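Structure in structure tokens, see below.
The structure displayed is predicted, hence computed values, not measured ones.
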Amino acid sequence: FNVNNDRISNLVLALSRVYASLKNALTLINDSALTVGKVDETLNTAIKNAEQKMTDAMNDDFNTGEVMSHLFEVVRAFNHLIVSKGKNKNDLKASAKHFHQWVLSWGALMSLFQEDPSKFLSDLDEMYIRLKGIDKQVISDKINLRLIARQNKDWATSDKIRDELIAMEIEVFDSPTGMSWRVLRG
């Protein structure tokens, strides 16, 4: 098995995708305005299909590579579900809860995904900031300037600052609850 920087980067990127999905699931689970509805059938089917394949892979000389590939199929199904338009939010909460419990259960078998997702992703950003030599104060200043530009509906300045951040390998996310950012990974 050949370990190099590209493989390590790909593994870290894969872990961050799972942790980002777990973080999104926890956001839905912890939304007190929602009640638990019913689990989405497509997600439930993806989990059931993966479950059998993962069990078979574990019984085949603990084939963790295959187990992870099936886990990623479920992560993709969950991510697709939460960005789909017109989904019942209460059903999304039920689906998020089912997904979260399922990933943690399988992760426990491999000693994976047991950290708090927000902490894992924050620590990962900190590591990338150090590795890339990015000044956090510069990021903070640009984020604040962009926020002011958006409040003033100065979209050209807002877009220019976003492009500057992307050039620094910082990805910005706008949502109804505010703005967030992360270091581009990979």
Side-chain angles (χ1 to χ4, degrees), residues 7-55 57-58 62-131 139 169-186:
R7 284 196 176 195
I8 292 170
S9 290
N10 288 337
L11 290 170
V12 170
L13 185 59
L15 282 174
S16 72
R17 272 191 232 120
V18 176
Y19 271 104
S21 297
L22 289 170
K23 181 179 177 182
N24 290 335
L26 283 173
T27 299
L28 286 164
I29 292 166
N30 294 328
D31 187 339
S32 61
L34 300 176
T35 59
V36 177
K38 65 182 186 90
V39 174
D40 179 80
E41 195 52 45
T42 302
L43 178 66
N44 202 34
T45 299
I47 287 174
K48 284 180 183 176
N49 290 340
E51 186 85 20
Q52 185 56 54
K53 292 174 185 175
M54 291 166 74
T55 300
M58 292 295 272
F62 205 68
N63 189 342
T64 54
E66 189 172 334
V67 169
M68 293 303 292
S69 72
H70 297 301
L71 186 135
F72 287 126
E73 289 171 12
V74 174
V75 168
R76 276 190 293 280
F78 176 73
N79 289 340
H80 178 73
L81 174 67
I82 63 173
V83 298
S84 298
K85 301 273 189 229
K87 293 291 181 179
N88 178 306
K89 292 280 189 185
N90 295 324
D91 292 348
L92 285 177
K93 182 173 185 165
S95 297
K97 188 173 184 177
H98 185 52
F99 168 79
H100 185 263
Q101 289 171 340
W102 184 82
V103 170
L104 291 186
S105 171
W106 274 96
L109 291 173
M110 300 174 285
S111 295
L112 293 172
F113 317 124
Q114 304 305 299
E115 273 188 71
D116 173 68
S118 292
K119 181 174 179 353
F120 178 88
L121 294 168
S122 175
D123 289 350
L124 188 59
D125 277 343
E126 289 295 325
M127 181 186 73
Y128 275 115
I129 285 170
R130 281 192 310 276
L131 287 173
I139 296 169
E169 299 188 53
I170 303 298
E171 188 173 18
V172 179
F173 302 96
D174 298 310
S175 73
T177 59
M179 189 184 317
S180 62
W181 62 271
R182 72 175 181 139
V183 181
L184 288 171
R185 300 176 183 123

Open item on the list: Measuring only between side-chain heavy atoms, which start at C-beta, is Leu71 closer than 4.5 Å to Phe113?
Closed with: yes

Open item on the list: Holding to side chain to side chain donor-acceptor pair (under 3.5 Å), I want the full list of residues that pass it with Gln114, two or more places apart in sequence or in another chain.
Closed with: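 Per chain and number, Gln114 pairs via side chain to side chain donor-acceptor pair (under 3.5 Å) with no residue.
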
Open item on the list: Going by side chain to side chain donor-acceptor pair (under 3.5 Å), name the residues that satisfy it together with His98, two or more places apart in sequence or in a different chain.
Closed with: Asn44

Open item on the list: Side chains of Val12 and Leu124, heavy atoms from C-beta outward: is any pair under 4.5 Å?
Closed with: yes

Task: Ile170 side chain near Val183 side chain, heavy-atom distance below 4.5 Å - done: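 Ile170 vs Val183: side chains touch.
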
TODO: Scan for side chain to side chain donor-acceptor pair (under 3.5 Å) pairs involving residues 13-32, sequence neighbours excluded, and state none if there are none.
DONE: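 Those involving residues 13-32 are Ser21-Asn79.
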
Task: Contacts of type salt bridge (Lys or Arg N to Asp or Glu O under 4.0 Å), residue Glu126, not counting sequence neighbours - done: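 Listed in chain order: Lys136.
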
Task: Qualifying ring pair (Phe, Tyr, Trp, His ring centres under 6.0 Å) pairs, either residue in residues 74-93, two or more places apart - done: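 Found Phe78-Phe99.
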
Task: Residues that Asp116 engages under salt bridge (Lys or Arg N to Asp or Glu O under 4.0 Å), provided they are two or more places apart - done: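 Once residues adjacent in sequence are excluded, Asp116 has no partner under the salt bridge (Lys or Arg N to Asp or Glu O under 4.0 Å) criterion.
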
Open item on the list: Glu171: which residues meet the side chain to side chain donor-acceptor pair (under 3.5 Å) condition with it, sequence neighbours left out?
Closed with: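 Listed in chain order: Arg182.
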
TODO: Give every residue pair that meets the salt bridge (Lys or Arg N to Asp or Glu O under 4.0 Å) criterion with at least one member in residues 91-106, sequence neighbours excluded.
DONE: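 Listed by first then second residue: nothing to list.
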
Task: Pair listing, salt bridge (Lys or Arg N to Asp or Glu O under 4.0 Å) test, anchored in residues 32-42, at least two apart - done: Asp40-Lys87

Open item on the list: Could you work out, with side-chain contact (heavy atoms from CB on, under 4.5 Å) as the rule, every residue matching Lys53, not counting sequence neighbours?
Closed with: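 Counting only residues at least two positions away or on another chain, Lys53 forms a side-chain contact (heavy atoms from CB on, under 4.5 Å) with His70.
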
Open item on the list: For Asn49, give me all partners under side-chain contact (heavy atoms from CB on, under 4.5 Å), at least two apart in sequence or on another chain.
Closed with: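 side-chain contact (heavy atoms from CB on, under 4.5 Å) check on Asn49 returns Thr45.
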
Open item on the list: Under the rule for side chain to side chain donor-acceptor pair (under 3.5 Å), what residues qualify as partners of Lys119, not counting sequence neighbours?
Closed with: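 For Lys119, the residues satisfying side chain to side chain donor-acceptor pair (under 3.5 Å) (neighbours in sequence not counted) are Asp123.
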
